[in-house]
Asks: 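Got a structure here, written out as structure tokens. Questions coming.
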Amino acid sequence: MSILVDRETRVVVQGITGRDGAFHAGQMADYGTQVTSGVTPGKGGMKTDDGIPVFDTVRQAVDETGANTSVIYVPARFAADAICEAADAGIQLVVCVTEGIPVKDMVLVLPYLRERNTRLIGPNCPGIISPGKTKVGIMPGEIHMEGPVGVVSRSGTLTYEVVHHLSQSGLGQSTCIGIGGDPIIGTNFLDALELFREDDETEAVVLIGEIGGSDEEEAADVIARGYPKKVVSFIAGRTAPRGKRMGHAGAIVTGGKGTAEEKIAAFKKAGVDVAETPAQIATFVKGLLS
Amino acid sequence: MSILVDRETRVVVQGITGRDGAFHAGQMADYGTQVTSGVTPGKGGMKTDDGIPVFDTVRQAVDETGANTSVIYVPARFAADAICEAADAGIQLVVCVTEGIPVKDMVLVLPYLRERNTRLIGPNCPGIISPGKTKVGIMPGEIHMEGPVGVVSRSGTLTYEVVHHLSQSGLGQSTCIGIGGDPIIGTNFLDALELFREDDETEAVVLIGEIGGSDEEEAADVIARGYPKKVVSFIAGRTAPRGKRMGHAGAIVTGGKGTAEEKIAAFKKAGVDVAETPAQIATFVKGLLS
Amino acid sequence: MKIHEADARRIFSRHGLPVPPSELIVSADQAKAAAEELGCPVVVKAQVLVGGRGKAGGVKLAATPAEAAEKAESMLGMEIKGLTVEKILIAKAVEIEHELYAGIVIDRRSRKPLMMVSAAGGIDIEEVARTSPEKIMKVIIDPLWGIMPFQLRQLQSFLSGEREVARQIGEALKQLYEAFMAVDASLAEINPLVISPEGKVWAIDAKINIDDNGLYRRSELSELRDESAEDQGETEARKNDLSFVKLDGSIGCIVNGAGLAMATMDMIKHYGAKPANFLDIGGSSSPQKVLAAMRIILRDEKVKSILINIFGGITRCDDVAQGIIDAKKELGIDVPLIVRLTGTNEERALKMLEDTDLITAASMDEGVEKAIEASRS
Amino acid sequence: MKIHEADARRIFSRHGLPVPPSELIVSADQAKAAAEELGCPVVVKAQVLVGGRGKAGGVKLAATPAEAAEKAESMLGMEIKGLTVEKILIAKAVEIEHELYAGIVIDRRSRKPLMMVSAAGGIDIEEVARTSPEKIMKVIIDPLWGIMPFQLRQLQSFLSGEREVARQIGEALKQLYEAFMAVDASLAEINPLVISPEGKVWAIDAKINIDDNGLYRRSELSELRDESAEDQGETEARKNDLSFVKLDGSIGCIVNGAGLAMATMDMIKHYGAKPANFLDIGGSSSPQKVLAAMRIILRDEKVKSILINIFGGITRCDDVAQGIIDAKKELGIDVPLIVRLTGTNEERALKMLEDTDLITAASMDEGVEKAIEASRS
């Protein structure tokens with residue numbers, strides 16, 4: 001059993017008639033994901049070029065197709081409502097790819113999800129993939145391979161880079177979760193570590209952090225208190241200047257807090273190997289697993 | 001172990017310098033309740049005539065006296081804030097005696113409590129008593145006696161009447177909970193039944209309902225599905241006209257829903273004895289327990 | 001608290017709902033002037049706080065100002081379910097293609113506002129709920145977030161397949177919710193919400209009940225209370241902080257606590273008689289309240305005996321006893337009083353009543369039986 | 001987005017905060033007139049978007065209109081931390097008895113707004129937090145309920161033992177929170193919030209940062225952006241939907257994805273050189289974006305080579321290749337370009353670039369090493 005998603009995952013794509021939604025619905029289906037349905041208000045009744053039925057509301061999609069997981073590609077200003085709609089329709093896992101959602105919206109959305117026991121991945125994230133089983137998001141499926149390494153990351157392409165190295169070194173992945181680059185996200189490092197803790201397919205975890213916030217420090221704390229799997233980490237942004245946002249809304253050192261040095265120190269203190277380059281991650285994991 | 005409160009309960013009285021708060025703080029202390037502290041904003045630092053220390057905020061009261069249960073006597077317009085203050089300070093059980101709180105306030109308060117895992121009894125209720133151990137509320141302590149009967153009721157004085165009969169018949173009470181007469185309350189019959197279910201001090205439960213809403217019907221449903229204790233019920237308002245509020249904000253038959261007949265039928269269907277008069281309740285319980 | 005349609009329309013308008021223009025009038029002349037100003041046809045609507053006024057002849061269409069005057073004339077002073085028509089609303093008539101229903105209440109089960117809509121409007125919604133539940137859509141609104149865009153989309157597309165009409169409906173539902181919350185309503189209803197042949201949405205009726213407990217926040221709303229729609233006793237009770245409901249039996253009741261008061265009524269029935277009223281003097285009683293309670297009950301000539309049933313807790317029995325003594329002095333009571341007092345300060349109370357001609361009872365059962373007996377003698 | 005004090009004061013005022021009256025001026029004459037109108041003494045405050053302007057001489061007291069003019073004159077055109085003073089705020093001075101601090105940010109851990117107050121105001125609050133944490137009180141605000149009365153009582157009684165002063169502080173904190181939420185702020189700060197000798201509370205400074213993602217909701221706020229406070233490249237990047245941060249090294253970088261872009265910078269450092277910039281072309285790239293990125297980077301004369309590091313996912317490598325070709329044609333690039341392209345449409349891209357003089361690299365490590373080497377030759 002992989003975490004969060006597996007072959008039984010039944011996906012509804014919110015914003016399926018948009019450019020990104022349409023493209024990735026097809027990509028996911030090609031990868032083998034059960035893309036059961038899509039939602040675009042006002043376009044209910046049509047089918048996509050890939051033959052996926054489109055509904056006006058998530059509730060209809062759930063009722064008609066048994067979707068249990070949603071992936072969201074709607075524009076930022078409609079995304080918070082789309083997330084809540086999914087939760088209200090009983091969707092248990094929502095992956096929000098959309099970037100640029102106001103922080104205030106997320107602050108209001110998260111308690112709504114919590115009340116409904118819905119887990120959110122993202123926003124502003126590449127999604128989640130359990131190689132060989134299913135992918136829900138936008139990551140290129142072909143660079144992944146099945147195996148024992150769990151990956152959790154705040155970034156998108158940097159994760160692809162790391163996964164690429166892992167696969168090339170023969171290290172497959174159990175599940176890769178892109179938790180997103182925003183300051184306020186639904187699932188953080190701690191949550192992901194807890195999921196991997198119990199996952200018997202996962203033998204080692206790669207944690208790819210970056211400057212901003214203190215999620216990495218909190219993860220290091222948890223590992224220091226006893227974590228049953230090997231962990232290798234990487235922190236992006238050692239050379240980032242203070243007070244400047246580095247692309248991701250969450251990647252900023254403010255008031256001297258959230259620096260790469262602090263995070264690296266916390267991991268080292270917790271006994272976690274911290275790689276200097278993406279390629280080194282694979283080397284470290286290989287060493288730990290052999 | 002009684003439910004919700006026991007000898008270890010440490011009470012803070014919110015609104016302790018008001019007429020009702022002051023009087024009942026003394027009454028509770030006389031009964032043996034550990035009344036640790038009181039709160040009235042702006043009066044922190046003083047002591048009541050009974051020597052109970054007064055604080056400006058619940059947080060201070062909790063920090064200084066280890067209070068874990070609050071009982072609220074503040075006026076209706078300040079009650080919602082008082083309830084939230086207690087929850088925010090880490091109080092796990094809040095008993096709100098105050099009557100006349102707008103429904104909208106309660107609708108907003110309940111999710112706040114839920115997020116903080118705080119249980120509310122009431123509002124507009126007499127409170128809770130575990131005879132011989134502690135009382136948190138306004139009921140006359142002397143009519144109660146220790147014993148095996150759990151009592152849960154939407155009303156105040158009617159409960160006293162029933163308890164009076166029980167005690168006179170030699171049937172003591174494990175815990176009596178007045179859940180309150182408002183339409184929106186923190187703890188309802190179902191919640192109380194679940195608490196009594198596991199309570200090894202309780203052998204039988206008396207459920208005193210009234211017209212309005214469908215809490216009684218839901219309780220009957222639960223009992224019908226299998227409840228490990230004997231239950232006797234009573235429904236007030238058989239002679240109440242439709243569409244008229246009978247004192248309690250929640251006691252009203254609207255749109256033909258919430259009648260005494262429906263409730264009585266539901267209990268009978270669930271195999272629960274329904275008493276015709278308060279005195280009969282004690283007779284029924286006696287029969288069931290002998 | 002129920003408020004008149006005219007007031008509810010004003011609240012709806014303030015929140016942007018599409019309510020046709022109207023004027024409130026009290027004479028046939030005013031009706032004519034209003035109809036001229038608004039432009040005919042107009043609807044002439046009796047302002048009474050009861051349902052079913054349409055069937056009772058309280059709603060009429062008028063094609064000309066003269067007709068409006070005539071219909072208003074015949075409606076003014078008319079009785080509808082015991083209430084006299086004193087005011088009339090003259091509203092611009094709207095052509096109707098479809099009638100929908102939209103309403104909000106506080107749902108006790110979810111503890112949240114619940115919006116209910118139906119494509120079958122203009123008729124009794126409870127009837128629709130019973131016979132054709134599939135014609136109704138309900139959504140629970142989380143007041144922390146308000147009604148959400150996705151919920152409006154669900155509701156509006158359930159009510160209309162036409163994009164522009166659906167948009168207007170969604171807008172109206174949002175405004176209805178805002179009005180509901182703004183006035184601390186316990187019910188807000190548009191029945192019917194209509195679609196005109198040109199595809200314009202109108203709220204042509206308006207009903208709002210307000211939570212009395214929330215009135216302190218908006219004193220201007222308190223002024224909307226129409227005491228003429230209440231029993232005189234209820235008005236007086238409210239002013240004295242009592243809960244009173246008039247019934248048609250012969251045994252008056254004064255009780256502390258709503259549950260005990262209902263149980264007292266039920267027991268009167270159980271023993272074969274009928275209660276004359278529900279009356280709860282509440283928690284912190286005082287002699288004045290008992291006096292007021294007695295005055296209200298004595299106004300009912302059907303009352304043959306009065307039972308005072310008190311289980312003292314916060315209520316002090318001596319306060320009640322003092323109230324009874326005062327009442328006997330001031331009101332000249334000529335029906336038997338049966339008194340059952342137990343609890344706080346019981347002994348002092350019984351001593352106070354020792355030299356009176358009251359009938360005392362040791363239990364509620366005994367009190368009820370004695371009250372019935374006394375009412376028959 | 002940072003906005004000027006004058007704009008933040010206006011937002012605070014609109015939400016009822018007690019902000020002393022002020023005028024924004026651009027000349028000494030205007031300063032004099034403003035001081036006359038407001039009444040002296042006044043404070044002359046340079047409007048620049050950096051902290052520490054007080055220490056840099058950007059805040060002065062003036063006892064007379066003439067002095068205000070004089071101080072404004074000397075301040076206009078002055079440089080503070082690289083920014084030129086172009087506007088000045090003339091604000092009525094208030095007497096100060098105590099200086100407090102009040103600020104709100106979004107707390108990442110609780111995912112909610114966090115209000116922080118301190119009786120030690122007027123100075124660097126991070127310094128206070130480090131050295132005297134007991135002087136700070138923090139409360140987490142649940143935005144679904146807003147800041148609650150009990151929280152205001154906690155905060156105000158922490159800041160003042162005087163009832164009336166505490167009441168004013170509570171009021172101000174509530175308004176600060178309302179302003180924070182109303183503009184989608186990521187930070188709102190009053191430092192200092194002062195108490196005058198007469199016990200009146202004043203917000204004499206105002207700072208607001210706004211969440212760029214929320215700007216679409218209030219277009220009037222977008223106009224408060226001061227582009228003169230930004231690097232020219234940053235402004236241009238924002239208009240082209242790129243993320244760009246200027247640094248002081250010699251290796252330009254064009255990368256897709258913020259994490260990969262940071263990792264690229266870090267790796268340049270790791271291999272012994274310094275990056276000239278952070279640049280993320282984002283997800284759905286286009287040739288135009290690559291062209292704009294190239295133009296921005298080439299403006300920096302310190303740049304000795306440019307590394308293009310793309311891991312194609314949504315980003316299509318052929319789009320990037322087209323952008324490079326366009327840039328070479330249009331911009332006349334005279335520094336070496338090192339290209340690492342992998343992922344979506346990689347092969348097509350490499351074919352497109354076959355006949356150019358670009359240096360290609362098979363991996364990120366190789367790309368970085370070649371870029372450093374090229375920069376040194």
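First the proteins, then the strands, lettered A, B, ... as listed; each starts at 1.
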Asks: Do the side chain of B:T187 and the main chain of B:I179 share a donor and acceptor less than 3.5 angstrom apart?
Replies: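 Flag not set: sc B:T187 to bb B:I179 has no pair under 3.5 Å.
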Asks: Identify which part of B:I235 has an atom lying under 4.5 Å from any heavy atom of chain C, answering side chain, backbone, both or neither.
Replies: backbone
Asks: Counting only heavy atoms not in C:R130, do more than 12 sit closer than 6.0 Å to its CZ atom?
Replies: yes
Asks: Can you tell which part of C:D124 gets under 4.5 Å to a heavy atom of chain B, answering side chain, backbone, both or neither?
Replies: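 Interface part for C:D124: neither.
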Asks: What residues, two or more places apart in sequence or in another chain, satisfy side chain to side chain contact (heavy atoms under 4.5 Å, CB included) together with B:K286?
Replies: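 Only B:S169, B:L171 meet the side chain to side chain contact (heavy atoms under 4.5 Å, CB included) criterion with B:K286.
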Asks: Applying a heavy-atom distance below 4.5 Å, give me the residues of residues 262-273 of chain C that approach chain B, sorted by number.
Replies: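 Against chain B, the residues of residues 262-273 of chain C that fall inside the cut-off (heavy atoms, under 4.5 Å) are C:M262, C:A263, C:M265, C:D266, C:M267, C:K269, C:H270.
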Asks: Decide yes or no on salt bridge (Lys or Arg N to Asp or Glu O under 4.0 Å) for C:D212 and C:R225, but give the supporting numbers first.
Replies: CA-CA 10 Å; C:D212 290 56; C:R225 188 186 297 276; 3.1 Å; yes
Asks: Does any backbone or side-chain atom of C:D365 lie under 4.5 Å from a heavy atom of chain B? Answer side chain, backbone, both or neither.
Replies: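 Contact with chain B is through the side chain of C:D365 alone.
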Asks: Do you know which of B:T254, B:I185, B:I211, B:T157 has the most heavy-atom pairs under 4.5 Å to chain C?
Replies: B:T157
Asks: Is the Lys NZ or Arg CZ of B:R19 less than 6.0 Å from the centre of B:F23's six-membered ring, within 45° of the axis?
Replies: no
Asks: Closer than 3.5 angstrom, by distance alone: can the side chain of B:D191 be matched with the main-chain N or O of B:N188 as a donor-acceptor pair?
Replies: yes
Asks: Contact between B:E194 and B:V222 at the side-chain level, heavy atoms closer than 4.5 Å - yes or no?
Replies: yes
Asks: Pick whichever of C:I106, C:V105, C:D280 has the most heavy-atom pairs under 4.5 Å with chain B.
Replies: C:I106
Asks: I'd like to know if the side chain of C:K370 reaches the main chain of C:V339, judged simply by a donor and an acceptor atom lying under 3.5 Å from each other, with no hydrogens or angles considered.
Replies: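 No, C:K370 side chain to C:V339 backbone: no donor-acceptor pair under 3.5 Å.
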Asks: State, with a plain yes or no, whether a side-chain heavy atom of B:L120 is found less than 4.5 Å away from one of B:M106.
Replies: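 A side-chain contact under 4.5 Å exists here.
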Asks: With chain C as the partner, which of B:E210, B:K244, B:E161, B:H165 has the greatest number of non-hydrogen pairs under 4.5 Å?
Replies: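 Looking at each option in turn, the highest pair count goes to B:E161.
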Asks: Could you list which of residues 242-253 of chain C have a heavy atom closer than 4.5 Å to any heavy atom of chain B, in residue-number order?
Replies: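 C:S243, C:V245, C:L247 fall under the 4.5 Å cut-off.
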Asks: B:T33 side chain to B:V35 main-chain N or O, any donor-acceptor pair under 3.5 Å?
Replies: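 Looks like no, no N/O pair under 3.5 Å.
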Asks: Do the side chains of B:M246 and B:P241 get nearer than 4.5 Å, heavy atoms only?
Replies: yes
Asks: Which answer fits B:Q27, side chain, backbone, both or neither, if we ask what part of it has an atom under 4.5 Å from a heavy atom of chain C?
Replies: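 Neither part.
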Asks: Most heavy-atom pairs under 4.5 angstrom with chain C, which of B:P183, B:S214, B:G156, B:G181?
Replies: B:P183
Asks: C:E126 vs B:K257, test: salt bridge (Lys or Arg N to Asp or Glu O under 4.0 Å). Steps then yes/no.
Replies: CA-CA 10 Å; C:E126 279 149 21; B:K257 288 287 180 72; over 6 Å; no
Asks: Describe, in one word, how the ring planes of B:H164 and C:F311 are oriented to each other, choosing from parallel (under 30°), tilted (30 to 60°) and perpendicular (over 60°).
Replies: perpendicular
Asks: If only atom types and distance count, is the side chain of C:K112 paired as donor or acceptor with the main-chain N or O of C:I140 below 3.5 Å?
Replies: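 Pair absent, no side-chain N/O of C:K112 close to backbone of C:I140.
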Asks: Sequence neighbours excluded, which residues qualify as side chain to side chain contact (heavy atoms under 4.5 Å, CB included) partners of B:R114?
Replies: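 Only A:E115 meet the side chain to side chain contact (heavy atoms under 4.5 Å, CB included) criterion with B:R114.
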Asks: Quick one: which of B:G247, B:A279, B:A240 has the most heavy-atom pairs under 4.5 Å with chain C, could you say?
Replies: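 With the most close heavy-atom pairs to chain C, the winner is B:G247.
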Asks: Can you establish whether the number of heavy atoms outside C:E220 located under 6.0 Å from its atom CD is more than 12?
Replies: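 Enclosed.
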Asks: Please classify the contact of B:F234 with chain C as side chain, backbone, both or neither, using a heavy-atom distance under 4.5 Å.
Replies: side chain
Asks: Do you know which of B:S153, B:G250, B:G209, B:A251 has the most heavy-atom pairs with chain C at a distance under 4.5 angstrom?
Replies: B:G250
Asks: Look at B:P140, B:S155, B:G213 and state which one has the largest set of heavy-atom pairs under 4.5 Å with chain C.
Replies: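 Going by pairs under 4.5 Å, I would pick B:G213.
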Asks: Given that the side chain runs from C-beta out, which part of C:R111 has a heavy atom under 4.5 Å from chain B: side chain, backbone, both or neither?
Replies: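 Contact with chain B: backbone and side chain both.
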